[in-house]
Amino acid sequence: MSLKFLNVSLIMCESADYETRTIKSYFNGIQFDNGSQKNFCIVSVINSMGLYSAEHEYVLHYFIQSKKSGSFIKVEELSITFPRSSEKEGGNGSTSFSEMIFSKINGISFPEAGDYQIKVYKQDRVDGPIFQEDKIPPEDKLVAIYEFEVK
C-alpha cells in the first residue's frame with residue numbers, strides 16, 4: 001500500500017453525536033480548575049488517497065502535550081483499515097477515503113494553566129510494535145496538531 005495523501009483535521013468540542021453527525025459547542029480553551037478532571041470530545045476529519053494492493057492498516061495515536069513543560073499523556077488510539085466501504089475508486093487503482101471519527105475523552109486532569117497541543121501521529125501496522133504510551137513518537141510521524149488553552 002502506498003498512502004499518497006493523508007489529512008487529519010481536529011475539532012475539540014463539548015460533545016458529538018456520530019449518528020446525527022452533529023458537534024455541540026466546539027472550543028479552543030478549557031477552564032482550569034486545579035486538579036479537576038475534564039471531559040470533552042475530539043472529532044477527527046480524516047481524508048486520504050492512495051494505491052492499495054491489499055488490506056492495510058494504520059494507527060493514529062493522540063497525545064495531549066503542555067507547550068510549557070513538555071509533559072504529555074496519550075489519550076486515544078484509532079486503527080483504520082483499508083479497503084473500507086466508504087472508499088471511492090479512482091483511476092489507476094487509486095482510492096480515496098473520507099470519514100469523521102468521534103472520540104470521547106474522559107477524566108483528563110491538566111496540572112496547570114497554559115498552552116497545550118493535541119498531537120496526532122500516524123503509524124503503519126507494518127512499522128512494528130505500537131508506539132509506547134510513555135514516549136512521544138518521532139516527529140516524522142506527526143500528521144496533525146490542534147492548539148488550545150487551559151485558562
Side-chain angles (χ1 to χ4, degrees), residues 1 3-50 55-88 95-151:
M1 186 290 251
L3 187 64
K4 290 183 177 179
F5 171 80
L6 175 69
N7 180 39
V8 179
S9 299
L10 304 174
I11 301 168
M12 276 180 87
C13 59
E14 182 181 304
S15 63
D17 186 304
Y18 180 79
E19 295 298 321
T20 62
R21 308 299 251 190
T22 56
I23 297 169
K24 180 180 178 188
S25 301
Y26 66 90
F27 55 84
N28 63 352
I30 293 176
Q31 188 63 42
F32 178 69
D33 297 320
N34 195 13
S36 71
Q37 295 187 337
K38 301 294 181 181
N39 301 324
F40 54 90
C41 278
I42 299 173
V43 178
S44 303
V45 181
I46 301 170
N47 298 290
S48 68
M49 180 175 57
E55 185 173 282
H56 180 79
E57 183 177 19
Y58 65 86
V59 181
L60 297 178
H61 302 270
Y62 292 67
F63 291 81
I64 293 180
Q65 184 173 26
S66 167
K67 288 180 74 174
K68 180 179 178 182
S69 71
S71 64
F72 62 89
I73 183 171
K74 186 174 183 177
V75 295
E76 181 69 289
E77 184 176 295
L78 300 173
S79 292
I80 299 176
T81 304
F82 291 97
R84 297 179 70 88
S85 60
S86 56
E87 285 181 1
K88 296 180 181 141
T95 56
S96 62
F97 160 74
S98 182
E99 188 166 338
M100 288 176 67
I101 298 176
F102 300 86
S103 302
K104 182 73 174 165
I105 309 300
N106 293 313
I108 298 292
S109 294
F110 294 95
E112 61 188 356
D115 294 327
Y116 287 80
Q117 295 175 322
I118 299 172
K119 291 184 170 185
V120 182
Y121 297 86
K122 177 190 164 282
Q123 179 182 25
D124 289 314
R125 277 286 192 204
V126 295
D127 284 349
I130 296 297
F131 294 138
Q132 300 170 4
E133 291 192 22
D134 62 345
K135 194 168 133 181
I136 290 283
E139 287 299 309
D140 67 337
K141 301 294 185 180
L142 184 65
V143 294
I145 296 177
Y146 183 91
E147 296 201 6
F148 66 99
E149 182 181 9
V150 175
K151 41 191 168 183

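Just so it is clear, the structure is predicted and the values come from calculations on it, not from any experiment.
When every heavy atom of Phe63 is checked against every heavy atom of Pro137, the shortest pair comes out as CE1-CD, 3.5 Å. The shortest non-hydrogen separation linking Tyr146 to Phe27 is OH-O, 2.6 Å. The two residues Glu99 and Tyr18 come nearest to each other via the heavy atoms OE2-OH, 4.4 Å. The minimum heavy-atom distance between Ser109 and Pro111, with the atom names listed, is O-CD, 3.7 Å.
Looking at heavy atoms from C-beta onward, Phe102 lies out of side-chain contact with Ser44 at the 4.5 angstrom threshold. The closest side-chain heavy-atom distance from Leu6 to Ile46 is below 4.5 Å. Counting heavy atoms from C-beta on, the side chains of Glu14 and Cys41 never come closer than 4.5 Å. In this structure, Leu142 and Lys119 have side chains that are in contact, with non-hydrogen atoms separated by less than 4.5 Å. Leu78 has its side chain within reach of Ser103: a pair of non-hydrogen atoms, C-beta onward, lies under 4.5 Å apart. With contacts defined as side-chain heavy-atom distances shorter than 4.5 Å, the pair Met100/Val43 qualifies.
By the 4.0 Å N-to-carboxylate-O rule, Lys38 lies close enough to Asp33 to be salt-bridged with it.
Gln65 and Gln117 share no side-chain donor-acceptor pair at under 3.5 Å. For the 3.5 Å distance criterion, the side chains of Ser98 and Asn47 qualify, holding a donor opposite an acceptor.
Using modelled atom types, one side-chain atom of Gln31 and one backbone atom of Lys151 make a donor-acceptor pair closer than 3.5 Å.
Checked against the 6.0 Å centroid threshold, Phe110 and Tyr116 count as a close aromatic pair.
Taking CD of Gln123 as the start and CD of Glu77 as the end, the distance is 8.0 Å to the nearest 0.5 Å.
A side chain to side chain contact (heavy atoms under 4.5 Å, CB included) with Tyr62 is found for exactly one of Leu10, Ile105, Ile73, namely Leu10.
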